Amino acid sequence: MMASLQQFAASVGAALFAGAGALPTLAAASGDVPADAIVPAFRHNCVACHGEHGAPSGDVDLSALRTASSLKRDPELLRTLVRVLDTGVMPPPGAQPLVRESRERLVADLRALLHEAVSSRRALPRTPMRRMNRFQYNNAVQDLFELRVDVFALPERMVREYGYFRPETGRMPDELVAGSRPLGKSQLIGKRLAGVAPFPQDLRAEYGYDNRGDHLTLSPLLLESFLKLGLSIVESADFTELTCGAWPRLFAPPPEDADTRIAVTKALRGFLSRAFRRPAGDAVLRRYADHAMARIRSGGSFADGMKAAASAALASPRFLYLYERAGTQAAEPLDDFELASRLSFFLWGSIPDQVLQDLAADRRLTDPEVLRTQVDRMLHDARLKRFCDSFPAQWLQLERIVSSVPDRKRYPDFYFLKFRTSMHMMLEPLLLFETVLIENRSILELVDSDFSYRSELLESWYRDGTRTEKIPSTKIPFRRVPVTDRRQGGVITNAAVMTMTSGPAETQPITRGSWIAGVVFNDPPDPPPADVPLLAKAEEAHATEDLTVRERFAAHRTQADCASCHVKIDPLGFALENYGPTGAWRDTYENGRAVDASGVLFGRYRFRDIAEFKDAILAEKDLFARAFAGHLLEFALGRELAAADEPALDRIVRAAAPGGYRIQDFIRQVVLSDPFLLKYNPNRPGKRPRQAD
C-alpha cells in the first residue's frame with residue numbers, strides 16, 4: 001500500500017507542479033466543494049494512468065475524483081499528499097518548482113481537508129492490548145513490592161547513573177559520573193534478586209519502539225516462563241524484609257489472635273488493586289485469598305501463603321497486559337484508571353503510584369487541571385529516569401552502536417583494552433537529551449546545541465580522532481562543555497551516530513540519510529528493492545579509487561525504483577559526509593578528493609556544509625517539531641500513528657511553539673491530546689461490555 005501511495009504521490013507531484021505558480025487555493029470547507037486546485041490537474045495529467053484506461057497504476061483510481069469530498073474519503077492518501085508537499089519530495093526533480101506561497105497554501109488546504117476527514121469519522125486507531133515489555137515488567141515489579149534492588153539485569157538500559165539525575169532541581173550538574181551498560185560488563189553488576197533470570201528482550205519495531213502492541217506477543221512458552229518468573233522473584237533469597245519495602249503490610253504475619261483470612265484479604269485488596277491498576281473485584285479477591293489460605297493450611301507460613309498469591313498475580317493477564325475496556329463504536333474518553341495507567345507507563349515505564357491510583361478512584365484525574373498538575377509532578381520525580389532510559393535511546397536507535405566495529409587497522413585508537421571508544425560516544429547524546437528534559441530546554445537544541453557533555457576521551461576524539469591514554473572503562477567522568485564549532489553539538493552530528501551509521505572502513509550515506517529521515521523527520525524510507533546494484537567493494541578499489549563516495553553511489557539513482565527514495569535520503573546522508581566512519585572530521589578522502597557535503601533540503605534550501613544544513617532544518621522547525629511530537633505520541637500510545645492522529649500533532653506543535661518549543665510543553669501536550677485521552681475500542685456487536693470483577 002505504501003508503494004502505491006508513493007506512486008500516486010509522484011503522479012500528483014508531476015500534475016500539481018506543471019503550472020504551479022497559477023494554482024488557485026483549494027477550498028477547505030465541508031460539503032461538495034470543487035477541488036479547484038487539484039481536480040483539473042488530476043484529470044489532465046493523472047487519470048490516463050490512474051483509472052481511465054484499464055487497470056489503475058499503483059491500484060489508485062482517480063477517474064471518479066470530482067470534489068474535495070472525494071479526497072476526504074481517503075485520509076491516509078491525504079496524509080501522504082501533505083507530507084510529500086511539505087517535505088519537498090514533490091515536485092520531483094526536473095519538474096517546475098512550486099513557489100513557496102503556493103506550496104504553503106496548498107499544504108494548508110490539504111491539511112484542513114484531512115482534519116475534516118478524520119473528525120467526521122469519530123474514530124481513532126485502536127490502541128492495542130499489549131503486554132509489558134521486559135523493561136516495564138522490571139519497573140512494575142520493583143514498584144509493586146517497593147524493591148530496593150533490580151529484579152534482573154537490563155542491558156537495554158544504556159546509561160548507568162551514579163547520582164547525577166535529580167529532576168526536582170531542574171538542573172543537570174556541570175560534572176557527573178556515568179557508566180555504559182551494554183559495552184561495559186562491569187556496569188551490569190548491580191544489586192538485583194539472586195536466582196531471577198529475565199525473559200528475552202523485546203526488540204523495538206524497525207522504525208518504532210519496543211512497547212508496540214503488534215510486537216509484544218505472548219506465546220504459551222513465554223506464558224509458562226512468566227509463571228516460573230513470578231515464583232522465582234518471591235522465592236529469591238534476596239527477597240526479604242531488607243530489600244522489600246512492602247514486606248510489613250504484605251508478608252509480615254498478623255497478631256496471633258487475628259483472623260488469618262481477614263488479614264490475607266486485607267493485604268491482598270491493596271496489593272491486587274495496585275497490581276491490576278484498578279480496584280480488585282470481590283470475586284477476584286476471593287480467588288487469590290483462597291489460593292493463599294490453601295498454602296497456609298497445608299503447613300506454610302503466612303508469608304508463604306502471601307507469596308503464592310503474589311506470584312500468581314504477577315502471571316495474571318490483568319498484571320501483564322496494558323489494556324482499555326471495550327466501549328462504544330466511536331472514540332470515547334478513557335476512564336480515570338485507564339488514564340492513570342497510560343500516563344504512568346508513558347513517563348515512568350511502570351504501574352501508577354498511589355497518588356495516581358487515589359485520584360483515579362476519586363474520578364479526579366480526568367480533570368484537566370488535576371492532570372496537568374500530575375504531569376508536572378511526574379516530570380520532577382526521580383522515576384522520570386526510566387523515560388530517559390527507554391525513549392531517547394530507541395528514538396535515536398543507539399542500540400546500533402553496540403555492533404559497530406570500525407576496521408582495527410585503519411582505526412586502532414577506537415579500541416582499548418577490552419573496550420571500545422563507543423562506550424563513551426553513546427553516552428553523549430543521552431546526556432544531552434536528559435539535560436534538555438530536566439532543564440526544560442527547547443527541542444531545537446537537539447538539532448544544534450551550544451553545549452554538550454564530554455569525557456576526556458571524547459574531547460580528544462573530536463579534536464583529532466585519537467584518544468588519550470587516561471581512559472576509565474567503568475565509571476566515566478563527564479563535564480559540561482561549551483560547543484562553539486557548529487560541526488558539533490546536537491544529536492545529529494555526534495560521534496555515536498556517525499559511527500553506527502558507517503561500515504567498518506567507509507561511511508554509508510544511504511544509511512545516514514535513512515537515519516535522519518526516520519529519526520529527525522519521522523518519515524523513514526521504504527526498504528530498497530531486491531535488485532539494487534551493489535557498490536564496488538574495497539578489493540575492487542582499482543576501478544573506483546579516484547571516485548568520491550557520491551560518485552560511487554550514482555548507480556543507485558539511475559534506477560527508476562531507487563530514484564524516488566534517493567531524492568529524499570541522498571541530501572540527508574551526503575550532508576554528513578565530512579564525518580568519517582568513526583565520527584572524526586575530514587575535508588578530503590584518502591584518495592585526496594575533496595568531500596562534497598552540499599545539497600538541497602526539502603527541495604528549497606541549498607546548503608554547502610553541515611552548519612547550513614542545520615540552518616535549513618531550523619528554518620522549517622515546525623517539521624522537526626512535528627516529527628518529534630509524533631515520536632513521543634507513538635511511544636506514549638504503543639502503536640503506529642495514522643491519519644487520524646494528524647490533527648493532534650498539529651495542535652501539539654501549535655501549543656508548544658509560543659514557549660520556544662520546550663520539551664516539557666511537548667510532553668504535556670501529548671498527554672492532553674485526543675489520541676492520548678481517548679480510546680477507540682468498540683465492543684463486538686451483540687456482546688455486552690465486560691464489567692469489573
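Since the structure is predicted, the reported quantities are computational estimates derived from the model, not experimental observations.
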> Where is the tightest heavy-atom contact between Ala629 and Ile652, given as atom of each residue plus distance?
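So the two residues come closest at CB-CG2, 3.8 Å.
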
> Where is the tightest heavy-atom contact between His380 and Pro167, given as atom of each residue plus distance?
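The pair with the smallest heavy-atom distance is CD2-O, 3.5 Å.
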
> Between Phe345, Phe387, Trp395, which is the residue that forms a side chain to side chain contact (heavy atoms under 4.5 Å, CB included) with Phe635?
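Of Phe345, Phe387, Trp395, side chain to side chain contact (heavy atoms under 4.5 Å, CB included) with Phe635 is met by Phe387 alone.
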
> Scan Val447, Leu396, Val497, Leu446 and name whichever one has a side chain to side chain contact (heavy atoms under 4.5 Å, CB included) with Ile492.
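When Val447, Leu396, Val497, Leu446 are each tested with Ile492, the side chain to side chain contact (heavy atoms under 4.5 Å, CB included) holds only for Val447.
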
> Which value, rounded to the nearest 0.5 Å, describes the distance between His631 atom NE2 and Leu649 atom CG?
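If I round to the nearest 0.5 Å, the distance is 11.0 Å.
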
> To the nearest 0.5 angstrom, please state how far the CD atom of Gln374 sits from the CD atom of Glu369.
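Gln374 atom CD to Glu369 atom CD measures 12.0 Å (nearest 0.5 Å).
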
> Kindly determine whether Thr80 and Glu76 satisfy side-chain hydrogen bond (donor to acceptor under 3.5 Å, both in side chains), including the steps that lead there.
CA-CA 6 Å; Thr80 299; Glu76 289 295 339; 5.6 Å; no

> Should we say atom CZ of Arg148 is surrounded by more than 12 heavy atoms from elsewhere, each under 6.0 Å from it?
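Check passes, neighbour count above 12.
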
> Less than 3.5 Å apart, which donor and acceptor atoms pair up between the side chains of residues 636-644 and the rest of the protein, not counting sequence neighbours?
unit_1: Arg639; atom_1: NE; unit_2: Thr127; atom_2: OG1; d: 3.4
unit_1: Arg639; atom_1: NH1; unit_2: Asp645; atom_2: OD2; d: 2.9
unit_1: Arg639; atom_1: NH2; unit_2: Asp645; atom_2: OD1; d: 2.9

> Give the C-alpha distance, both sets of side-chain angles, the deciding distance and a yes or no for salt bridge (charged side-chain N to carboxylate O under 4.0 Å, His left out) between Arg364 and Asp358.
CA-CA 9 Å; Arg364 295 176 53 208; Asp358 290 345; over 6 Å; no

> Could you report the tightest heavy-atom contact between Asp665 and Gly659, atom names first, then the distance?
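Closest approach of Asp665 to Gly659, heavy atoms only: OD2-CA, 4.4 Å.
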
> Do the rings of Phe391 and Phe433 sit parallel, tilted or perpendicular, given the 30° and 60° boundaries?
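Aromatic pair Phe391/Phe433 classed tilted.
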
> Which atom names give the shortest non-hydrogen contact between Gly213 and Pro128, and what distance separates them?
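Smallest interatomic distance, heavy atoms only, reads CA-CG, 3.8 Å.
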
> Check the pair Leu343 / Trp348 against side-chain contact (heavy atoms from CB on, under 4.5 Å), numbers first and verdict last.
CA-CA 8 Å; Leu343 180 61; Trp348 288 348; over 6 Å; no

> What pairs of donor and acceptor atoms, side-chain ones from residues 220-231 against any protein atom, are under 3.5 angstrom apart with sequence neighbours left out?
unit_1: Ser225; atom_1: OG; unit_2: Leu222; atom_2: O; d: 2.5

> Is any NZ, NE, NH1 or NH2 atom of the basic residue among Asp335 and Arg325 found under 4.0 Å from an Asp or Glu carboxylate oxygen of the other?
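Looking at Asp335 and Arg325, the cut-off is not met.
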
> First locate atom CG of Leu81, then atom CZ of Arg111, and finally report the distance between them rounded to the nearest 0.5 Å.
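So the gap between those two atoms works out to 12.0 Å.
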
> Is it the case that the side chain of Ser273 and the backbone of Gly270 share a donor-acceptor pair, with hydrogens and angles ignored and the cut-off at 3.5 Å?
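The answer is no, because no donor-acceptor pair under 3.5 Å joins these two groups.
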
> Keeping Asn138 on the side-chain end and Val151 on the backbone end, is there a donor-acceptor pair under 3.5 Å?
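Yes, Asn138 side chain to Val151 backbone: donor-acceptor pair under 3.5 Å.
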
> Mind listing the closest non-hydrogen atom pair of Arg342 and Leu677 along with its distance?
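That closest heavy-atom pairing would be NH1-N, 4.3 Å.
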
> Ignoring hydrogens and geometry, is there a side-chain-to-backbone donor-acceptor pair from Asp389 to Arg157 under 3.5 Å?
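Absent.
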
> From Leu427 CG over to Arg160 CZ, what is the distance, rounded to the nearest 0.5 angstrom?
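Between atom CG of Leu427 and atom CZ of Arg160 there are 13.0 Å.
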
> When you look at CZ of Arg383, are more than 12 heavy atoms from neighbouring residues, nucleotides or ligands closer to it than 6.0 Å?
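More than 12 within 6.0 Å, yes.
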
> If we ignore hydrogens and angles and just use 3.5 Å, is the side chain of Ser236 paired with the main-chain N or O of Ser232 as donor and acceptor?
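No: the side chain of Ser236 does not pair with the backbone of Ser232.
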
> Would you indicate whether the side-chain heavy atoms of Leu384 and Leu379 approach each other to under 4.5 Å?
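Leu379 reaches Leu384 side chain to side chain.
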
> Supply the atom-to-atom distance Leu359 CG to Thr366 OG1, rounded to the nearest 0.5 angstrom.
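Between Leu359 CG and Thr366 OG1, I get 10.0 Å after rounding to 0.5 Å.
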
> Before you tell me yes or no, could you show the steps for Met378 and Leu356 under side-chain contact (heavy atoms from CB on, under 4.5 Å), namely the whole-Å CA-CA distance, both residues' side-chain angles and the distance that decides it to 0.1 Å?
CA-CA 10 Å; Met378 297 176 74; Leu356 291 175; 4.1 Å; yes

> Could Arg651 and Glu646 be called an ion pair, given the rule that one side-chain N must be under 4.0 Å from one carboxylate O?
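Answer for the salt bridge query: no.
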
> Can you tell me how far the OG1 atom of Thr328 sits from the CG atom of Asn681, to the nearest 0.5 Å?
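One gets 9.5 Å once the value is rounded to the nearest 0.5 Å.
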
> Decide, yes or no, whether a salt bridge links Asp86 with Arg626 under the criterion of side-chain N to carboxylate O below 4.0 Å.
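No.
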
> Examine distances only and state if a side-chain atom of Arg277 and a backbone atom of Phe319 form a donor-acceptor pair shorter than 3.5 Å.
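Yes, because the side chain of Arg277 sits within donor-acceptor range (under 3.5 Å) of the backbone of Phe319.
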
> Closer than 3.5 angstrom, by distance alone: can the side chain of Asp150 be matched with the main-chain N or O of Arg192 as a donor-acceptor pair?
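Side chain of Asp150 to backbone of Arg192, a donor-acceptor pair under 3.5 Å: no, none is there.
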
> Looking only at atom types and distance, does a side-chain atom of Asp523 sit under 3.5 Å from a main-chain N or O of Gly518, one as donor and one as acceptor?
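Not at all, since once roles are kept as given, no pair shorter than 3.5 Å links the two residues.
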
> Give the minimum heavy-atom separation between Cys388 and Leu437, together with the two atoms involved.
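Looking at all heavy atoms of both residues, the closest pair is SG-CD2, 3.5 Å.
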
> Only pairs at least two apart or in different chains count here, so list each salt bridge (charged side-chain N to carboxylate O under 4.0 Å, His left out) that has a residue in residues 125-142.
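Of all non-adjacent pairs touching residues 125-142, those that pass salt bridge (charged side-chain N to carboxylate O under 4.0 Å, His left out) are Arg131-Asp202, Arg134-Glu156.
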
> Show, in sequence, the C-alpha distance, side-chain angles and deciding distance for Arg400 and Trp515, and conclude whether the side-chain contact (heavy atoms from CB on, under 4.5 Å) test is met.
CA-CA 11 Å; Arg400 295 161 65 173; Trp515 183 89; 3.9 Å; yes

> Within the supplied structure, the quantity of interest is the number of heavy atoms (other residues, nucleotides, ligands) at a distance under 6.0 Å from Arg377 CZ; does it exceed 12?
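Yes, the 6.0 Å shell around CZ holds more than 12 heavy atoms from other groups.
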
> Does Lys307 reach the main-chain N or O of Val234 with its side chain, forming a donor-acceptor pair under 3.5 Å?
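The answer is yes, because a donor-acceptor pair under 3.5 Å joins these two groups.
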
> Let me see the working for Asn211 and Asn133 under side-chain hydrogen bond (donor to acceptor under 3.5 Å, both in side chains), right down to the final yes or no.
CA-CA 6 Å; Asn211 63 352; Asn133 60 31; 5.9 Å; no

> Assess whether side-chain hydrogen bond (donor to acceptor under 3.5 Å, both in side chains) is satisfied between Gln508 and Arg512, documenting all intermediate values.
CA-CA 6 Å; Gln508 295 178 334; Arg512 288 178 172 180; over 6 Å; no

> Going by the angle between their ring planes, with limits at 30° and 60°, are Phe666 and Tyr661 parallel, tilted or perpendicular?
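Parallel, since the angle between the ring planes stays under 30°.
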
> What do you reckon, are the aromatic ring centroids of Phe239 and Phe145 less than 6.0 Å apart?
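Distance test on ring centres: under 6.0 Å, yes.
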
> Keeping the roles fixed (side chain from Ser119, backbone from Glu116), state whether a donor-acceptor pair exists under 3.5 Å.
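Yes, because the side chain of Ser119 sits within donor-acceptor range (under 3.5 Å) of the backbone of Glu116.
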
> Tell me whether Ser442 contacts the main-chain N or O of Leu444 through its side chain, where contact means a donor paired with an acceptor under 3.5 Å.
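Yes.
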
